**Q** 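Structure provided below as structure tokens; questions to follow.
What you are looking at is a predicted structure, and each value in this text was computed from that prediction instead of being measured. Along the sequence shown, the residues carry numbers beginning at 1.
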Amino acid sequence: MIRFAQAGKTYRSLVRRREITALAGLDLEIARGEVVGIAGPNGAGKSTLISLLLGFLAPSEGSVTLEGLAPRRYVERHGVGYLTELVNLPGQWRVQDALHRLAILAGVPAAARRGRVADTMARLGIEEHATKKIKQLSKGNLQRVGLGQALLGEFDLVVLDEPTHGLDPVWTARFRDIVVELRRPDRAILIASHNLDELEMLADRVAILDHGRLQRVVGHATEASDASVSWRLVLEGDDDIGAAMPGAVPIAGRPGSWRVLAPRAAMSRQLAALLQSGAILVECVPEQGRLASAFREAVRQ
């Protein structure tokens, strides 16, 4: 559905009169039915990528197409569900009126508009704030109104930029359910976020950007079984497990807790031997998620 072909964007600094490359040589394809994450440190090129995708900017090199069309042409014909990184609506608007106006812009038919707005408010738990002015909302509630903007229309492409920004833990968890509900075979969803744990749970693939270049695409199918992972192992009792797990280091102040550095396959074999010897397992978890490990390695390189 989406294709970046050697896409890049260069800006000209007005102060020093020099060119600044925000994005370079981006090759990336996104299919219908996928949820794709975009991750990277500040200044990596995430915002530029989204601006190129939505046609706010034209590429300086290469091309960006949606269903074979230039981004602006696609957006004008089909629309896009879009949550901006910072939600900015007129402060005097009331929540219900704001969503009604946004529904008009989203192309929701007049006959369905009232019901769609009511359903969206219920879905996002903001019915109680329907008559409040935008300027009276907390940061989290304003973010939910912005999310409502992206959900009002029935679009085949949904782009969410930092969607959990300002949300409390309850609504961060609820957001995951919303993404699951949004999934469908004919829809592509793009999520840009600094929350790597969130992306690891939600996305089929995550594109990692740094210094304006695509460093790596991490997906479930690309998970390396020979990469070392730091594990936290908790056993009942405080027996020494050094014989079964060479290199295991006890965690100070936590009886029965160990830190083990090993690839998944090796950890599985050692853990099987340990359990066969009579050890009772309480917990065995990676101290850092797979995506976080790949992110740190990609950015360090």
Side-chain angles (χ1 to χ4, degrees), residues 1-11 20-88 102 105-107 146-147 149-165 175 178-179 182-195 198-199 202-219:
M1 182 182 190
I2 300 167
R3 187 182 183 205
F4 292 88
Q6 286 294 300
K9 182 64 181 178
T10 301
Y11 300 98
I20 299 171
T21 300
L23 202 65
L26 177 62
D27 276 319
L28 181 66
E29 293 187 358
I30 299 172
R32 289 178 181 269
E34 278 194 299
V35 175
V36 174
I38 304 293
N42 292 331
K46 301 187 298 297
S47 295
T48 300
L49 183 154
I50 290 175
S51 294
L52 292 176
L53 174 64
L54 298 178
F56 297 148
L57 297 174
S60 304
E61 59 183 33
S63 64
V64 183
T65 54
L66 285 75
E67 295 286 314
L69 299 174
R72 284 312 303 171
R73 182 167 293 183
Y74 177 90
V75 173
E76 288 165 359
R77 288 187 181 182
H78 305 287
V80 170
Y82 175 45
L83 169 64
T84 60
E85 181 177 3
L86 297 174
V87 179
N88 188 7
L102 293 169
L105 292 175
L147 187 55
Q149 168 185 312
L151 303 181
L152 281 167
E154 287 293 328
F155 301 115
D156 291 344
L157 174 60
V158 176
V159 179
L160 306 175
D161 195 357
E162 296 295 344
T164 57
H165 180 72
F175 169 73
I178 290 173
V179 173
L182 283 175
R183 272 186 182 269
R184 66 186 196 199
D186 61 342
R187 172 181 283 155
I189 302 173
L190 188 75
I191 303 174
S193 178
H194 284 101
N195 190 331
E198 201 71 40
L199 290 181
L202 293 174
D204 302 306
R205 297 184 293 144
V206 178
I208 300 174
L209 301 177
D210 191 29
H211 290 90
R213 292 189 175 274
L214 178 62
Q215 302 295 333
R216 184 176 301 185
V217 178
V218 180

**Q** What's the verdict on side-chain contact (heavy atoms from CB on, under 4.5 Å) for I189 and L202, showing C-alpha distance, side-chain angles and the deciding distance?
**A** CA-CA 10 Å; I189 302 173; L202 293 174; over 6 Å; no
**Q** Would you name the heavy atoms of A39 and V206 that are closest together and state the gap between them?
**A**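 That closest heavy-atom pairing would be CB-CG1, 4.0 Å.
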**Q** Which heavy atom of P163 sits nearest a heavy atom of I191, and at what distance?
**A**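 That closest heavy-atom pairing would be CG-CG2, 3.8 Å.
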**Q** Can you name the closest pair of heavy atoms from A5 and D27 and give their distance?
**A**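 Scanning both residues completely, I find the closest heavy atoms to be CA-OD1, 3.4 Å.
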**Q** Determine the minimum heavy-atom distance between A31 and A188, stating which atoms define it.
**A**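 Result for this residue pair: O-CB, 3.8 Å.
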**Q** Over all heavy atoms of both residues, which pair between G81 and F155 is shortest? Give the atoms and the distance, please.
**A**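 Nearest pair, atom of G81 first, then F155: N-CD1, 3.2 Å.
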**Q** Quick one: pull up CG in L83 and CG in L151 and give me the separation to the nearest 0.5 Å.
**A**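 Result: 8.5 Å between the selected atoms.
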**Q** Would you name the heavy atoms of G146 and V87 that are closest together and state the gap between them?
**A**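 For G146 and V87, the tightest heavy-atom pair comes out as CA-CG2, 3.8 Å.
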**Q** Measuring only between side-chain heavy atoms, which start at C-beta, is T84 closer than 4.5 Å to D161?
**A**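 A side-chain contact under 4.5 Å is absent here.
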**Q** When you measure from the side chain of T48 to the backbone N and O of L23, does any donor-acceptor pair fall under 3.5 Å?
**A**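 No, because the side chain of T48 does not come within donor-acceptor range (under 3.5 Å) of the backbone of L23.
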**Q** Answer yes or no: does atom CG of D186 have more than 12 heavy-atom neighbours from other residues, nucleotides or ligands under 6.0 Å?
**A**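 Enclosed: over 12 neighbouring heavy atoms sit under 6.0 Å from CG of D186.
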**Q** Name the one of L53, L69, I2, V64 that satisfies side-chain contact (heavy atoms from CB on, under 4.5 Å) with Y74?
**A**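 Only one of L53, L69, I2, V64 forms a side-chain contact (heavy atoms from CB on, under 4.5 Å) with Y74, namely L69.
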**Q** Is it the case that the side chain of Q149 and the backbone of Y82 share a donor-acceptor pair, with hydrogens and angles ignored and the cut-off at 3.5 Å?
**A**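 Present.
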**Q** Would you check if the side chain of K9 reaches a backbone N or O of T21 as a donor-acceptor pair within less than 3.5 Å?
**A**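 The answer is no, because no donor-acceptor pair under 3.5 Å joins these two groups.
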**Q** Please check: side-chain N/O of R205 versus main-chain N/O of V217, any donor-acceptor pairing under 3.5 Å?
**A**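 Looks like no, no N/O pair under 3.5 Å.
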**Q** Using the side-chain hydrogen bond (donor to acceptor under 3.5 Å, both in side chains) definition, which of the options H78, R32, R3, R73 pairs with E67?
**A**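 Result for side-chain hydrogen bond (donor to acceptor under 3.5 Å, both in side chains) with E67: R32.
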**Q** Do the side chain of D156 and the main chain of R187 share a donor and acceptor less than 3.5 angstrom apart?
**A**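 Checking the backbone N and O of R187 against the side chain of D156, no donor-acceptor pair under 3.5 Å is found.
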**Q** For L199 and N195: C-alpha separation, side-chain torsions, deciding distance, then whether side-chain contact (heavy atoms from CB on, under 4.5 Å) applies.
**A** CA-CA 6 Å; L199 290 181; N195 190 331; 6.0 Å; no
**Q** Does this structure show an ion pair linking E162 with K46, if we count only N-O contacts that are shorter than 4.0 Å?
**A**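 Not counted as a salt bridge, because no side-chain N and carboxylate O are separated by less than 4.0 Å.
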**Q** Verify, without hydrogens or angle tests, whether D204 (side chain) and V36 (backbone) share a donor-acceptor contact under 3.5 angstrom.
**A**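 Looks like no, no N/O pair under 3.5 Å.
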**Q** Passes salt bridge (Lys or Arg N to Asp or Glu O under 4.0 Å), R184 versus E154? Steps please.
**A** CA-CA 11 Å; R184 66 186 196 199; E154 287 293 328; 3.0 Å; yes
